[in-house]
Asks: 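Handing you a structure now.
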Protein chains: 2
Amino acid sequence: MTTTKRGRPRSFDREAALAQATLLFWQHGYEGTSISDLTGAMGISPPSLYAAFGDKRALFTEVVDRYGGTFGAFMEKALDQESDPRAGFARMLDEAAVSYTSPEHPAGCLVISAATNYSPQTADVERTLRARRVANVRSFEARLRDAEARGSLPEGADTRALAVYFAAVVQGMSQQARDGATTAELRRAAEYAMAAWPEPPARGAGRAPA
Amino acid sequence: MTTTKRGRPRSFDREAALAQATLLFWQHGYEGTSISDLTGAMGISPPSLYAAFGDKRALFTEVVDRYGGTFGAFMEKALDQESDPRAGFARMLDEAAVSYTSPEHPAGCLVISAATNYSPQTADVERTLRARRVANVRSFEARLRDAEARGSLPEGADTRALAVYFAAVVQGMSQQARDGATTAELRRAAEYAMAAWPEPPARGAGRAPA
DNA sequence: GAAGTTCTGTAGCGATGGCTACGCAAATAC
DNA sequence: GTATTTGCGTAGCCATCGCTACAGAACTTC
């Protein structure tokens, strides 16, 4: 029952249409992409879109899922494949720099930029994306705790603040604040961020000040 | 000719109405805020809004300008008032952490979050905000160059990459990519970001690796 | 008072949003 | 072939969008 189905067969490539929809949502965001835009780019008519994907919301969900398995997969891969956590985070950031500026697709991260504008009636869209970002921060935190347990991080390191920090490097302090990070978390993250300041070699080793 | 004008006087407080509009745009973004939302919150009818502010676009411009002079003023102030550049950046980040999470207004930065979703017909809105962010990065860079000249930064420091880095901490690497940062800039910024990783004290001084 | 000017509220304009009814086209089942 | 199933295209529904015409209300000027 894989290939033989009754009725008129679909006349367009569902995967290709999904790829087109991904590019549009990535570029213009959820609200900025209309059904008319989508049907135009996918080369199909509205009824075909609704028959194949449900509604705009379901199509967007499918796009985000697909994105997580393709363009967005480098993060988890980098963190998983490097044995040293520091190398994992370094690779993740470096690959983000490359991916976010690739000319082959819209700039930045779809999850971050596709729904920072949300009207009251699309608040659930925003909730879905926010949940993903929050889960990502938790994932960072768990890995940092694991690094701490393995001695890659000094004991007593504020892994929560470090997790928020790395998320902030990727998503920005502003985005973090909108997603519910507390003042204290952000302030500690900012403190860590200051460690990147290159101390004049004369003064000595570079540790973050209290 | 300050107080005495002919005709029926305005029956609402223009400043208070502007403050309400600021909160709405801050919370929901440009597209996510409708004229109906605005008139409801401002307590006026559409014709009054248009008579007092022009159109939605002009109202938003006025809101952003007002924001820059009030909520957004802490950045320049922190950088200006601290004599040591490092202290200036540290204070700016710390105050951003506080401001972005203040319960007295929407979270995050209005300039960053109010128009990441932009439809083709509102591309000029996005251009305006992007110009402000790009100018901000340039301001960071100039201050870093100044710091370098005064010996607060080691000579040969990549001030451009550092400027992008600080902007990235505030706005996120994703946002930077969407605003036109190059792959190389983002990769170098990510390298600097790694300096925040706390080295185990046993191993020695913490410098970012090449 | 009358005239002139400016703001206010109702009511609605044209355009576009997401979405779908309906009839036809293209396949399988018998 | 006929019947059944499913996708396609036109054409349009209803809601909301930004915005405004119009008439009356509230002021200053004379």
Side-chain angles (χ1 to χ4, degrees), chain A residues 1-18 20-21 24-25 28-63 114-115 117-126, chain B residues 1-18 20-21 24-25 28-63 114-115 117-126:
Chain A
M1 64 186 291
T2 37
T3 45
T4 55
K5 286 182 302 186
R6 300 204 302 190
R8 177 175 177 173
R10 185 179 286 124
S11 67
F12 61 94
D13 184 344
R14 195 178 187 281
E15 271 306 308
L18 204 52
Q20 282 299 315
L24 279 186
F25 280 130
H28 303 294
Y30 180 77
E31 297 229 346
T33 305
S34 69
I35 297 291
S36 173
D37 294 334
L38 289 165
T39 55
M42 297 159 106
I44 61 179
S45 55
S48 297
L49 187 152
Y50 281 88
F53 301 102
D55 61 359
K56 185 186 180 185
R57 181 64 208 292
L59 170 60
F60 183 68
T61 300
E62 202 166 331
V63 160
N117 275 10
Y118 56 98
S119 58
Q121 60 264 42
T122 56
D124 51 339
V125 172
E126 166 60 15
Chain B
M1 61 185 293
T2 37
T3 45
T4 54
K5 286 182 301 185
R6 300 204 302 189
R8 180 173 174 171
R10 184 178 287 125
S11 67
F12 62 94
D13 184 344
R14 195 179 187 280
E15 272 304 309
L18 205 52
Q20 282 299 315
L24 279 187
F25 280 130
H28 303 294
Y30 180 77
E31 298 228 345
T33 306
S34 68
I35 297 292
S36 174
D37 294 334
L38 289 165
T39 54
M42 297 159 106
I44 62 178
S45 53
S48 296
L49 186 152
Y50 282 87
F53 300 101
D55 60 1
K56 186 186 180 185
R57 182 65 209 290
L59 171 59
F60 182 68
T61 299
E62 201 165 334
V63 160
N117 276 11
Y118 54 97
S119 58
Q121 60 266 40
T122 55
D124 51 340
V125 173
E126 167 59 15

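All chains are named by letter (A, B, ...) in the order of the sequence lines, taking the proteins before the strands, and each is independently numbered beginning at 1.
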Asks: Between C1' on D/dT16 and CG on B/D37, what's the gap in Å once rounded to a whole number?
Replies: 11 Å
Asks: Once you round it to whole Å, what is the distance between P of C/dT16 and NZ of A/K56?
Replies: 16 Å
Asks: With rounding to the nearest 0.5 Å, note down the distance linking CG in A/L38 to NE2 in A/H28.
Replies: 10.0 Å
Asks: Can you find a pair of side-chain heavy atoms, one from A/E62 and one from A/F53, that are under 4.5 Å apart?
Replies: yes
Asks: Output a table of nitrogen or oxygen pairs between the protein and nucleotides 9-14 of chain C separated by less than 3.5 Å.
Replies:
from	atom 1	to	atom 2	distance (Å)
C/dG9	OP2	B/S45	OG	3.2

Asks: Which sits closer to the 5' end of DNA chain C, A/S36 or A/P9, going by the nucleotide each is nearest to?
Replies: A/S36
Asks: Expressed as a whole number of angstroms, how long is the span from B/R10:CZ to D/dC27:P?
Replies: 14 Å
Asks: How many angstroms lie between CZ in A/R57 and OH in A/Y30, if you round to the nearest 0.5 Å?
Replies: 6.5 Å
Asks: Measure CD1/B/I35 against P/C/dA15 and give the value in whole Å, please.
Replies: 19 Å
Asks: Rounded to the nearest 0.5 Å, what separation is found between the CG atom of A/L49 and the CZ atom of A/F12?
Replies: 7.5 Å
Asks: Between A/L49 (CG) and D/dG9 (C1'), how many Å, whole number?
Replies: 14 Å
Asks: Whole angstrom is fine here: how far is it from CZ in B/F53 over to P in D/dG18?
Replies: 16 Å
Asks: For A/Y50 and D/dA11, what is the distance between atoms OH and C1' respectively, to the nearest whole Å?
Replies: 15 Å
Asks: Rounded to the Å, how far apart are B/F12 CZ and D/dC27 C1'?
Replies: 16 Å
Asks: Working to the nearest 0.5 angstrom, can you tell me the gap between A/D55 CG and A/T61 OG1?
Replies: 8.5 Å
Asks: Where the side chain of B/S34 is defined as all heavy atoms beyond and including C-beta, which of C/dG4, D/dC17, D/dC8 is the nearest nucleotide?
Replies: D/dC17
Asks: About how many Å separate CG of A/L24 and CE of A/M42, when rounded to the nearest 0.5 Å?
Replies: 8.5 Å
